[in-house]
Amino acid sequence: MNRRIVTRRLRFVGAPGSRSIARMARPAGLILDYGNVLTHAQDQTWMDGAARRLGADPVAFRAAYWQHRHAYDGDLSAAAYWGRVAATSRPGARGLDAGDLAWLIETDVASWSVYNEPVWTLAAEFRRAGGRTAILSNSGPEVMARVRTRWTLEARFDAVVISCEVGLSEPDPRIYELCLERLALPAAGTLFVDDRADNVEGAARVGLRTLQFEGPDALERLQALIR
């Protein structure tokens, strides 16, 4: 692919909504989100089976899953989170038994554990070439426990900032500032990559260069920015 085509496809570099085609200098730092960036997009079809298992309406279950997720990625326990999801999606029903709770935790964690290996490889290559890397994610402890059985995060990244571990969540500006502090890099020289528009916008507000990781060419656009 020639340079003219590549630069036309770069987006969300700088302010949200930017469509600049100017080639920017290679960043000194790279901050990657976990879900839907370092993993493939979550397959949510399992939620239909979960709704059937609990006797809940599938639409109501999905809505409750996301309604309470931010609290779970903060400091809410798994038992409390799934209790809220169940109570919201099937009002008046009995509470969760131990078997249902264990199944929900395991199945949910599995849905966030389909790793996007090329992105991990790209991050490692960037670091070997002298760049500094970080993982920054809104995530609960159960998911992170699974991740750490596969990847030694602190050995692969210069900074690891997980919402449930630091008591902050995106798009709170403090979580981006904490990550930059741990990287010892300025925002203007660091690229933040996330699939969610609200998180990308939050990062841009603290001065980070940003890329929204979405679409079939997401990896190609990331490669063009850091190589």
Side-chain angles (χ1 to χ4, degrees), residues 1-45 109-139 143-144 146-148 150-163 170-171 176 179-180 183 185 187-204 208-227:
M1 180 176 290
N2 62 47
R3 180 176 291 266
R4 181 178 179 82
I5 293 174
V6 169
T7 54
R8 283 185 180 275
R9 301 181 77 172
L10 301 186
R11 60 186 179 130
F12 285 109
V13 180
S18 170
R19 292 296 183 269
S20 171
I21 64 172
R23 181 72 180 189
M24 299 187 73
R26 182 177 184 272
L30 176 64
I31 302 174
L32 297 172
D33 177 41
Y34 174 70
N36 301 332
V37 176
L38 285 164
T39 72
H40 289 289
Q42 184 196 32
D43 181 355
Q44 297 182 14
T45 57
V109 168
S111 77
W112 291 108
S113 304
V114 184
Y115 304 114
N116 193 347
E117 302 271 358
V119 179
W120 292 85
T121 299
L122 195 64
E125 291 172 350
F126 179 84
R127 194 174 187 222
R128 282 196 297 270
R132 292 180 62 76
T133 60
I135 178 172
L136 188 161
S137 180
N138 287 352
S139 187
V143 172
M144 281 299 112
R146 173 70 62 84
V147 175
R148 284 189 165 97
R150 172 64 178 83
W151 309 94
T152 306
L153 297 181
E154 283 75 12
R156 297 184 68 94
F157 296 93
D158 297 291
V160 178
V161 180
I162 309 299
S163 61
E170 300 174 77
Y176 307 111
C179 190
L180 287 167
L183 280 176
L185 288 174
T190 305
L191 177 66
F192 172 77
V193 183
D194 197 299
D195 65 303
R196 290 179 57 97
D198 55 344
N199 293 341
V200 167
E201 291 163 3
L208 281 158
R209 293 158 61 175
T210 61
L211 173 71
Q212 188 170 359
F213 197 84
E214 61 174 359
D217 65 341
L219 180 63
E220 177 187 1
R221 290 186 288 114
L222 175 56
Q223 290 171 329
L225 285 171
I226 66 173
R227 283 182 170 172

Taking the side chain as every heavy atom from C-beta outward, state whether [X] and [Y] have any atom pair closer than 4.5 Å.
X: Glu170; Y: Ser163; result: no
X: Leu211; Y: Leu225; result: yes
X: Phe126; Y: Gln223; result: no
X: Thr190; Y: Leu180; result: yes
X: Leu219; Y: Asn116; result: no
X: Asp43; Y: Ser111; result: no
X: Ile135; Y: Val161; result: no

Carboxylate-amine/guanidinium proximity below 4.0 Å for Glu214 and Arg221: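 Here Glu214 does not pair with Arg221 in a salt bridge, since their nearest N and O are not under 4.0 Å apart.
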
Determine, using ring centers only, whether Tyr115 and Trp151 are less than 6.0 Å apart.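 Yes, they do, as the ring centres are separated by less than 6.0 Å.
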
Chi angles and distances behind the salt bridge (Lys or Arg N to Asp or Glu O under 4.0 Å) call for Glu220, Arg227: CA-CA 11 Å; Glu220 177 187 1; Arg227 283 182 170 172; over 6 Å; no

Looking at every non-hydrogen atom in both residues, tell me the closest pair between [X] and [Y] and how far apart they are.
X: Leu185; Y: Gly29; value: CD1-CA, 3.5 Å
X: Arg146; Y: Ala110; value: NH1-CA, 4.2 Å
X: Asn199; Y: Pro171; value: OD1-N, 3.8 Å
X: Arg127; Y: Ala155; value: NH1-O, 2.8 Å
X: Val37; Y: Asp195; value: CG2-N, 3.9 Å
X: Leu30; Y: Ile226; value: CD2-CD1, 4.0 Å

Step through the shown structure and confirm whether more than 12 heavy atoms of other residues, nucleotides or ligands are within 6.0 Å of CZ on Arg196.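 For Arg196, atom CZ is not crowded (no more than 12 foreign heavy atoms under 6.0 Å).
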
Criterion side-chain contact (heavy atoms from CB on, under 4.5 Å) on Leu222 and Leu191, from CA distance to verdict: CA-CA 10 Å; Leu222 175 56; Leu191 177 66; 3.9 Å; yes

Measure the [atom1]-[atom2] distance between [X] and [Y] for me, rounded to the nearest 0.5 Å.
X: Asp194; Y: Glu201; atom1: CG; atom2: CD; value: 11.0 Å
X: Leu208; Y: Tyr176; atom1: CG; atom2: OH; value: 8.5 Å
X: Ser139; Y: Asp33; atom1: OG; atom2: CG; value: 9.0 Å

Does the pair Phe213 and Asn36 meet the rule for a side-chain contact (heavy atoms from CB on, under 4.5 Å), with working shown? CA-CA 8 Å; Phe213 197 84; Asn36 301 332; over 6 Å; no

All side-chain contact (heavy atoms from CB on, under 4.5 Å) counterparts of Ala124, not counting sequence neighbours: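 Listed in chain order: Arg128, Arg156.
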
Could you tell me which residues satisfy side-chain contact (heavy atoms from CB on, under 4.5 Å) with Ala123, sequence neighbours excluded, listed by chain and number?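 So Ala123 forms a side-chain contact (heavy atoms from CB on, under 4.5 Å) with Leu32, Phe157.
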
Verify, without hydrogens or angle tests, whether [X] (side chain) and [Y] (backbone) share a donor-acceptor contact under 3.5 angstrom.
X: Asp158; Y: Ala134; value: no
X: Trp120; Y: Leu38; value: yes
X: Ser113; Y: Val109; value: yes

Steps toward side-chain contact (heavy atoms from CB on, under 4.5 Å) verdict (Val147, Leu153): CA-CA 8 Å; Val147 175; Leu153 297 181; 3.9 Å; yes

